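Below is one structure; the comments refer to it alone.
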Amino acid sequence: MKRILTFCTIILMLISSFGCILGLDLDPMSLEEMTAATEIITQDVYWTRFGKTYHMFEDCQALQGSTVFTGTVEDAFDAGHKYLCRFCASRAGIDNTEIRIEEE
Ligand SMILES: [Zn+2]
């Protein structure tokens, strides 16, 4: 029984790493999460080419020195940036649990 569990774990790990390589979205956002974010953050947001976060402030410390893209929250999600930067979240006073906020 333990062997089967180990085997399943390995298969799952393989699937998820292949998914990442292929660019599959293994962590899709729920409609509730998208709605909460787009209702609360109506301004344009900022993100960089890499990473998973987006920002509410163009002068955020995490954006320094990077090429910054801008657009709506939906644009950021489409680009794979699903987590609100924790610096921007605290600066804007956002602690809504339905919005995905970057973990420390
Ligand atoms: Zn930020």
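For ligands, and for the atoms within them, numbers begin at 1 and follow the listed sequence. Since the structure is predicted, the reported quantities are computational estimates derived from the model, not experimental observations.
Remark: the backbone N or O of Val68 is not paired with any side-chain donor or acceptor of Ser66 at under 3.5 angstrom. A donor-acceptor pair under 3.5 Å is formed between the side chain of Gln43 and the backbone N or O of Met56. In this structure a side-chain-to-backbone donor-acceptor pair under 3.5 Å is missing from Glu33 to Ile99.
Taking the six-membered ring for Trp and thresholds of 30 and 60 degrees, Tyr54 and Phe77 have ring planes more than 60 degrees apart, a perpendicular arrangement.
Protein atoms of type N/O/S that fall under 2.8 Å from the Zn ion (ligand 1) number 4 in this view.
At a threshold of 4.5 Å between non-hydrogen side-chain atoms, the residues Val73 and Met34 do not count as touching.
A cation-pi contact, defined as under 6.0 Å to the ring centre and within 45° of the axis, links Arg91 to Phe57.
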